Number of protein chains: 2
Amino acid sequence: MASRKKPEPATAGQGALAFASHDHAGCRGDVLARVATLSPGAGIRLTPVRRRTLEILLESHRAMGAYEVLDRLAAEGFGSQPPVAYRALDYLVEHGLAHRIRRLNAFAACMNPGDDHSPVFFICKGCNGLAEAPARPVRAAVEAAAGAIGFSVERMTVETLGLCPGCQGQGA
Amino acid sequence: MASRKKPEPATAGQGALAFASHDHAGCRGDVLARVATLSPGAGIRLTPVRRRTLEILLESHRAMGAYEVLDRLAAEGFGSQPPVAYRALDYLVEHGLAHRIRRLNAFAACMNPGDDHSPVFFICKGCNGLAEAPARPVRAAVEAAAGAIGFSVERMTVETLGLCPGCQGQGA
DNA sequence: TATCATATGTTATAGCATAACAGGTCAAGC
DNA sequence: GCTTGACCTGTTATGCTATAACATATGATA
């Protein structure tokens with residue numbers, strides 16, 4: 001029931017991450033380039049499976065289930081069992097190159113690798129699109145609430161469900 | 001892999017929701033009383049299964065997996081198949097009497113039913129405790145970020161992972 | 001009392017995720 | 001060179017989470 005099964009209007013998967021048309025080849029290249037400059041220093045080892053996994057996420061430009069990624073990897077000669085995909089995805093998430101979208105049981109490439117960001121995700125229930133936005137103020141507000149009860153925050157997940165600009169007003 | 005399997009220190013499940021000892025019978029009663037006043041008006045129909053499900057969540061005072069709730073229900077003569085638990089839990093969530101904690105694939109009773117609140121959850125990785133806090137400022141910050149890209153937020157999930165006061169400083 | 005909406009229960013199955021083990025690669029140090 | 005250890009990849013097997021589809025019951029209403 002991730003993001004790829006039933007009520008998937010023709011637009012799904014397109015215009016997703018940005019809710020707007022854009023130079024996707026460019027934004028994908030940007031991310032890869034940034035990752036390239038990060039890898040050596042930050043102790044990130046982009047092995048073939050990991051790199052390919054990241055590329056697959058960037059190509060689809062939306063949230064993908066682990067098994068969907070696995071299918072792609074297997075078709076390209078990598079292992080065909082779940083741990084192959086989960087390990088690569090977990091590694092990317094662990095190192096800030098991808099995010100896990102819990103509401104969708106899915107994963108998406110990070111659009112701002114390297115920036116120490118606290119992303120907020122917007123999931124459109126109309127087109128299944130996904131947008132990632134930096135949200136330092138949100139993080140600050142959460143920290144404040146945590147401080148009030150003496151809790152120390154290590155990781156934060158903020159996901160919203162609603163309608164993107166394109167899907168509003170059309171009963172979607 | 002919810003919150004009840006392996007590294008579960010003896011304290012788990014205790015002192016959970018509040019990260020502090022408290023009059024649990026009291027807080028449980030409070031919630032039930034508030035629910036009672038809500039039910040008639042708000043179109044909430046607390047059938048036996050639903051009521052019992054809510055009570056079970058309140059008793060354990062922590063996040064519970066659906067199958068864990070199901071075991072309890074089955075032992076008390078209710079249906080023994082997954083949909084029984086999921087339907088009751090979904091209903092409670094839908095009507096604001098419980099929350100789904102996605103990071104744990106689990107559910108927890110709402111501690112502030114009726115208040116139109118936007119809760120933030122704090123999950124302690126030391127003792128698996130769970131705290132719910134109102135966080136209007138967080139909601140506001142998220143709305144602001146959403147507005148910037150024209151997204152309209154319908155539901156919001158904010159979960160954090162970290163250490164509760166009791167687990168800090170003891171290498172937990 | 002017939003009808004519709006809602007609720008409960010069932011069987012069966014789909015979808016997500018990890019444990020545990022085996023083999024391979026590569027660099028550090030003897 | 002060779003051994004050792006860290007890390008990566010791959011496998012088999014299994015477990016946990018969740019829902020679809022169908023059957024029965026109950027209660028309000030026309």
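Keep in mind that this is a model prediction, so the values were computed, not measured. By convention in this document, chain letters (A, B, ...) are assigned in the order of the sequence lines, proteins followed by strands, and residues within each chain are numbered from 1.
One can place CZ of A:F107 at 10 Å from P of C:dC16, the figure rounded to the nearest angstrom. As a whole-Å value, the separation of A:L104 CG from D:dA18 P is 14 Å. In this structure, CG of A:N105 is placed 13 Å from C1' of D:dT19, rounded to the nearest angstrom. Atom CZ of B:R51 and atom P of C:dA7 are 16 Å apart (whole Å). The distance between atom CZ of B:R100 and atom C1' of D:dT19, rounded to the nearest whole Å, is 11 Å. Residue B:D90 contributes atom CG, which lies 15 Å from atom P of D:dT17 at whole-angstrom precision. Here D:dT14 presents its P atom at 19 Å from OH of B:Y67, a figure rounded to the nearest Å. In this structure, CG of A:L70 is placed 14 Å from P of C:dT18, rounded to the nearest angstrom.
Note on A:Y86: a side-chain N or O is less than 4.0 Å away from OP1 or OP2 of C:dA17. Proximity of B:R52 to the phosphate of C:dT8: no side-chain N or O atom is located under 4.0 Å from OP1 or OP2.
Salt-bridge annotation for A:R102 and A:E159: absent, with no side-chain N of the basic residue lying under 4.0 Å from a carboxylate O of the acidic one. The residues B:E143 and B:R136 are annotated as not salt-bridged, no charged nitrogen and carboxylate oxygen being separated by less than 4.0 angstrom. By the 4.0 Å N-to-carboxylate-O rule, A:E68 lies too far from A:R72 to be salt-bridged with it.
In summary, the aromatic rings of B:H99 and B:F121 are positioned with their centroids under 6.0 Å apart.
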Using the 3.5 Å cut-off, write out each protein N or O paired with an N or O of nucleotides 6-13 of chain D and the distance between them.
residue, atom, partner, partner atom, Å
D:dC8, OP1, A:R50, NH1, 3.4
D:dC8, O5', A:R50, NH2, 3.2
D:dT9, OP1, A:T47, OG1, 2.5
D:dG10, N7, A:R87, NH2, 2.2
D:dG10, O6, A:R87, NH1, 3.1
D:dT11, OP2, A:S80, N, 3.0

(request) Show the numbers, then the answer: is there a side chain to side chain contact (heavy atoms under 4.5 Å, CB included) between B:F122 and A:I149? (result) CA-CA 10 Å; B:F122 301 100; A:I149 61 170; 3.7 Å; yes

Table please: side-chain donor-acceptor pairs of residues 82-96 of chain B below 3.5 Å, with sequence neighbours left out.
residue, atom, partner, partner atom, Å
B:Y91, OH, B:R45, N, 2.8
B:E94, OE2, B:R155, NH2, 3.4
B:H95, ND1, B:Y91, O, 2.9

